[in-house]
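A short worksheet on the structure shown next.
Since we're looking at a predicted model, the values are computed, not measured.
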Amino acid sequence: MSNTDNEVLQFVIDNDVKFIRLAFCDVYGTLKNISIMAEELPRAFEYGVAFDAGLVDGFADLPRADLVLHPDASTLEVLPWRPQTGRVARFYCDITTGEGEPFEQDGRQILRRALQALLEEGYTARVGAKCEFYLFRLDENGDPTPIPHDRAGFLDVAPLDRGENVRRDICLTLEEMGIRPLSSHHEMGPGQNEISIAPADPMTAANHCVTFRNLVGAIAARNGLYADMGPKPLPEENGSGFHINFSLSRAGRSLFLPQADGALSPEAQSFIAGVLSHMPEMTVFCNAASASYARLLGKNASKGVGWSRMGRGQILRLPPPQGDSARIELRSPDNLCNPYIVYALTLLAGLDGIHRQLPLPEPETALGAALPTSLQEAAALAAASPFLQAALPSHTLAAYARATAR
């Protein structure tokens with residue numbers, strides 16, 4: 001075992017950790033885990049822990065054979081919402097085949113390959129996110145109801161906004177787990193909330209996203225509520241988005257900073273054009289459920305396959321720079337996406353735009369095809385995409401191309 005592994009084992013002993021969760025995501029981004037006792041962690045570091053691949057969504061194309069989870073020591077976190085005596089810790093895991101080869105459908109592996117492609121071109125990326133969700137009341141049996149936690153609106157405060165304390169608990173717990181929240185507020189829908197998470201490298205950011213979704217559900221339950229992360233929980237109200245901020249640097253300079261004349265560099269323009277050109281075929285990965293399309297077609301959703309500097313009617317926005325950094329904001333995804341795959345595809349799409357030197361249209365101008373209007377249409381576009389065929393393992397693409405019942 002490495003020195004890091006040994007340090008982690010000592011941390012587990014010193015902090016009364018008794019249970020270890022070995023966490024990973026299925027192909028659609030749903031969190032899964034196997035729990036082992038702390039005494040088994042040295043064996044997990046040495047040999048991994050096997051599970052039946054055929055029973056996990058998106059992995060079922062494989063023969064009924066074991067895959068193996070390998071805990072990433074750098075992702076150790078104690079779960080603050082679990083008991084503090086006999087504590088519970090969690091690792092995110094890399095997945096290998098029984099023969100020890102990286103499992104190509106593992107979302108972390110897909111993102112790792114994309115980051116390597118980016119690095120070979122001299123680029124580094126950082127990713128942040130704004131996550132929207134609804135809070136609903138529970139009935140006498142503890143089951144979710146369709147009754148929102150409050151009837152407040154955008155940026156309202158208590159007593160109209162009843163979510164203040166829940167958001168506070170979420171933000172403090174995020175900080176306790178090493179994830180930095182930037183802001184939080186009530187959103188437009190009744191019982192709807194938004195929390196922004198600080199940027200990190202893409203792998204860490206994807207881990208943070210999965211942790212956030214798990215944490216929000218746990219903190220809501222602790223407050224006697226149900227957190228719905230779905231894209232359209234209330235048919236007549238605003239949907240919930242997962243707005244992703246990408247920054248890109250080369251040779252220490254932010255790619256999206258304006259040049260001396262105020263214009264974007266040709267490189268930055270082509271990156272943005274690449275993302276926009278591939279968005280219709282990528283949509284099934286960003287919006288992976290039927291309800292996603294009710295949100296995309298609903299009020300206040302970003303629908304135009306174009307970009308803007310200030311407005312939010314397009315799926316991609318270029319906010320004003322902050323100091324020596326700048327970013328783009330992708331507004332079409334929702335919380336049902338697999339962040340590892342979406343981050344990978346977005347970065348690869350932008351890189352493809354640079355390779356092809358794609359021109360960027362004027363702001364507020366649609367670029368090419370519109371977003372698909374149904375999960376079926378999105379799946380068909382993905383299945384026929386040469387870009388996705390090159391970017392993704394065939395089984396992963398096939399899993400999304402047939403995911404028309406979600």
Side-chain angles (χ1 to χ4, degrees), residues 25-32 56-61 105 107 110 129 131-134 146 189 206 209-210 213 228-244 275-306 313-316 330-346 348-349 366-389 391-406:
C25 288
D26 68 18
V27 75
Y28 302 114
T30 303
L31 181 63
K32 305 286 184 181
V56 176
D57 274 354
F59 299 171
D61 285 338
Q105 289 173 252
I110 290 170
C131 307
E132 298 171 343
F133 58 93
Y134 275 82
C209 171
V210 178
R213 296 172 184 174
D228 193 320
M229 308 291 287
K232 194 71 170 175
L234 296 173
E236 302 305 318
E237 301 293 344
N238 278 37
S240 292
F242 173 54
H243 301 158
I244 311 170
V275 174
L276 293 175
S277 71
H278 289 300
M279 273 310 300
E281 66 216 73
M282 287 166 46
T283 294
V284 73
F285 296 92
C286 298
N287 309 98
S290 295
S292 301
Y293 298 85
R295 168 185 164 258
L296 288 177
L297 296 171
K299 62 181 181 181
N300 296 312
S302 302
K303 304 177 180 67
V305 185
Q314 306 295 319
I315 63 169
L316 195 145
L330 184 62
R331 298 179 54 81
S332 61
D334 61 55
N335 287 303
L336 297 188
C337 74
N338 183 324
Y340 301 98
I341 294 178
V342 170
Y343 295 176
L345 291 180
T346 304
L348 289 174
L367 179 68
L371 291 182
T373 58
S374 70
L375 184 58
Q376 291 76 10
E377 183 185 350
L381 285 174
S385 166
F387 167 72
L388 294 176
Q389 290 165 12
L392 292 172
S394 59
H395 287 297
T396 300
L397 182 54
Y400 276 85
R402 66 168 180 268
T404 55
R406 298 186 77 229

Heavy atoms of Cys131 and Asn335 approach each other most closely as CB-OD1, 4.1 Å

Of all heavy-atom pairs linking Cys337 and Pro339, the shortest is O-CD, 3.4 Å

If every non-hydrogen atom of Gly58 is compared with every non-hydrogen atom of Val27, which pair is closest and at what distance? CA-CG1, 3.2 Å

Do Tyr400 and Leu388 pass the side-chain contact (heavy atoms from CB on, under 4.5 Å) test, and can you show the C-alpha distance, the side-chain angles, and the key distance before you say yes or no? CA-CA 11 Å; Tyr400 276 85; Leu388 294 176; over 6 Å; no

Just how far is it from atom CD of Gln105 to atom CG of Asp26, taken to the nearest 0.5 Å? 11.0 Å

Distance-only, no hydrogens or angles: does the Thr346 side chain make a donor-acceptor pair with backbone N or O of Val342 under 3.5 Å? yes

Sidechain-backbone polar pair: Thr283 side chain, Met279 backbone, donor-acceptor under 3.5 Å: yes

Would you confirm whether Tyr28, through its side chain, and Ala399, through its main-chain N or O, come within 3.5 Å as a donor-acceptor pair? yes

Under 3.5 Å donor-acceptor, Tyr293 side chain and Asn287 backbone: yes

Do the non-hydrogen side-chain atoms of Leu276 and Ile315 ever get within less than 4.5 Å of each other? yes

Contact check, side chains of Val284 and Leu375, non-hydrogen atoms, under 4.5 Å: yes

When you compare the side chain of Asp334 with that of Cys286, does any pair of heavy atoms fall below 4.5 Å? no

Main chain of Met229, side chain of Arg213: is a donor-acceptor contact present, judged purely on distance under 3.5 Å? no

Phe242 ring centre to Arg331 NZ or CZ under 6.0 Å, with the angle to the axis within 45°? no

Tell me whether Asp228 contacts the main-chain N or O of Phe133 through its side chain, where contact means a donor paired with an acceptor under 3.5 Å. no

Distance-only, no hydrogens or angles: does the Ser292 side chain make a donor-acceptor pair with backbone N or O of Ala289 under 3.5 Å? yes

For the pair Gln389 (side chain) and Ala383 (backbone), establish whether a donor and an acceptor sit closer than 3.5 Å, ignoring hydrogens and angles. yes

If you take all heavy atoms of Ser332 and Leu371, which pair is closest and at what distance? CB-CD1, 4.4 Å

Between Ser385 and Glu281, does any side-chain donor sit less than 3.5 Å from a side-chain acceptor? yes

What pair of heavy atoms forms the shortest contact from Gly230 to Pro233, and how long is it? O-CD, 3.6 Å

Would you call Asn338 and Phe285 a side-chain contact if the rule is heavy atoms closer than 4.5 Å? no

So, does Tyr340 use its side chain to make a donor-acceptor pair with the main chain of Cys25 at under 3.5 Å? no

Hey, could you give me the NE2/CG distance between His278 and Leu381, rounded to the nearest 0.5 Å? 13.0 Å

Are Thr396 and Phe59 packed together at the side-chain level, in the sense that at least one heavy-atom pair is separated by less than 4.5 angstrom? no

To check you understand the geometry: which heavy-atom pair defines the closest contact between Cys209 and Tyr343, and what is its length? CB-OH, 4.2 Å

Please determine which of Glu236, Lys232, Glu237 meets the side-chain contact (heavy atoms from CB on, under 4.5 Å) test together with Leu234. Glu237

Quick check: do Ile341 and Leu392 have side-chain heavy atoms less than 4.5 Å from each other? yes

In terms of side-chain heavy atoms, does Thr373 have a donor or acceptor partner in Glu377 at a distance below 3.5 Å? yes

